[in-house]
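Here's the structure, in structure tokens; my notes come after.
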Amino acid sequence: MLTPPNPLDPPGVRDRTSIEDPLTLARIAVAGILLFATIVALLLWATGLVPRALVLVGVLWALYGFALGLLGGVLEPMIDGLGRAFGDVGLIRAGSGYSAIETLVAQGRYDEAAEAYRERAQVSADRAEATLRRAALLAGVLHEPETAAVELENLRTAGHHLTPAEDIRVGLALAEVAEHRL
């Protein structure tokens with residue numbers, strides 16, 4: 001039976017009886033089987049039926065240490081590593097994010113970032129997002145709101161197929177540039 005956490009425990013202390021680790025059941029099973037086998041071996045030794053049964057106790061506890069070492073030292077880190085490695089597979093296509101360009105912005109390399117956004121806008125699937133990000137950069141830290149307004153207007157009128165959501169975002173960006181930057 002699981003007990004509720006103690007409210008007097010400091011934050012971060014977990015209930016030791018809860019089963020959060022998936023390998024806990026494996027550890028309990030290994031310990032239970034080897035404990036039973038140890039008791040049987042000790043009884044056989046104590047009764048004198050098998051005098052060498054005490055050696056079996058040492059072997060059983062060596063197996064217990066080996067099994068727990070294998071579970072905790074090999075299997076658990078391997079499962080954790082695979083979980084991290086495959087955790088976001090399929091969620092984001094490799095190279096499809098804007099983190100490399102945002103890194104340039106964070107480093108203060110605004111001209112390079114604006115050029116990278118311009119190159120990214122050549123891909124039709126990324127055209128609207130990349131142009132919006134470039135326009136924000138141009139109208140902001142690069143102090144070129146006229147260029148940003150022209151690029152946004154060209155995106156809207158140059159025959160590029162925009163979704164309604166993208167069209168609204170472009171319109172809002174144009175209004176922002178016109179109201180606050182020009």
Side-chain angles (χ1 to χ4, degrees), residues 1-130 132-134 136-137 141 163 165-166 169:
M1 181 173 153
L2 298 178
T3 58
N6 186 351
L8 299 177
D9 284 341
V13 174
R14 295 185 180 151
D15 182 18
R16 297 196 193 285
T17 60
S18 68
I19 299 177
E20 293 178 4
D21 183 15
L23 296 177
T24 299
L25 293 177
R27 288 184 183 98
I28 291 171
V30 167
I33 292 169
L34 292 176
L35 180 64
F36 176 75
T38 301
I39 291 172
V40 169
L42 285 174
L43 288 175
L44 288 173
W45 172 76
T47 59
L49 291 174
V50 182
R52 296 187 66 178
L54 199 54
V55 173
L56 183 60
V57 170
V59 170
L60 290 172
W61 282 102
L63 284 174
Y64 175 74
F66 177 74
L68 287 187
L70 185 67
L71 286 172
V74 176
L75 192 59
E76 190 172 358
M78 185 174 70
I79 290 171
D80 289 343
L82 287 174
R84 281 191 301 273
F86 296 121
D88 63 349
V89 169
L91 297 178
I92 298 175
R93 189 176 63 223
S96 67
Y98 290 94
S99 61
I101 303 172
E102 292 298 323
T103 301
L104 293 173
V105 173
Q107 292 172 347
R109 297 163 52 188
Y110 304 119
D111 292 326
E112 293 175 43
E115 181 61 25
Y117 279 132
R118 189 191 59 72
E119 290 172 5
R120 188 69 178 266
Q122 303 303 318
V123 179
S124 62
D126 297 335
R127 183 169 288 126
E129 182 66 28
L132 284 165
R133 289 175 182 234
R134 177 176 161 79
L137 197 59
V141 294
T163 66
E166 290 172 341
R169 288 183 63 202

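Computation of the quantities below employed the complete heavy-atom set of this structure, encompassing side-chain atoms and omitting hydrogens, waters and symmetry-equivalent molecules.
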Counting C-beta onward and ignoring hydrogens, is there a side-chain heavy-atom pair between [X] and [Y] closer than 4.5 Å?
{"X": "Leu56", "Y": "Thr38", "answer": "no"}
{"X": "Arg27", "Y": "Val30", "answer": "no"}
{"X": "Asp126", "Y": "Tyr98", "answer": "yes"}
{"X": "Glu102", "Y": "Arg133", "answer": "yes"}
{"X": "Leu60", "Y": "Tyr64", "answer": "no"}

Over all atoms of both residues, closest heavy-atom pair of [X] and [Y]:
{"X": "Leu34", "Y": "Leu63", "result": "CD1-C, 4.0 Å"}
{"X": "Tyr110", "Y": "Leu137", "result": "O-CD2, 3.6 Å"}
{"X": "Pro51", "Y": "Trp45", "result": "O-CD1, 3.2 Å"}
{"X": "Gly72", "Y": "Pro77", "result": "O-CD, 3.4 Å"}
{"X": "Leu71", "Y": "Ala26", "result": "CD1-CB, 4.0 Å"}

From [X] atom [atom1] to [Y] atom [atom2], the distance as rounded to the nearest 0.5 Å:
{"X": "Glu76", "Y": "Leu68", "atom1": "CD", "atom2": "CG", "value": "11.0 Å"}
{"X": "Ile28", "Y": "Ile33", "atom1": "CD1", "atom2": "CD1", "value": "12.0 Å"}
{"X": "Arg120", "Y": "Arg127", "atom1": "CZ", "atom2": "CZ", "value": "12.5 Å"}
{"X": "Arg109", "Y": "Glu115", "atom1": "CZ", "atom2": "CD", "value": "13.0 Å"}
{"X": "Leu35", "Y": "Trp61", "atom1": "CG", "atom2": "CH2", "value": "6.0 Å"}

- Charged N to carboxylate O under 4.0 angstrom, Glu166 versus Arg169?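 Salt bridge flag = no for Arg169 with Glu166.
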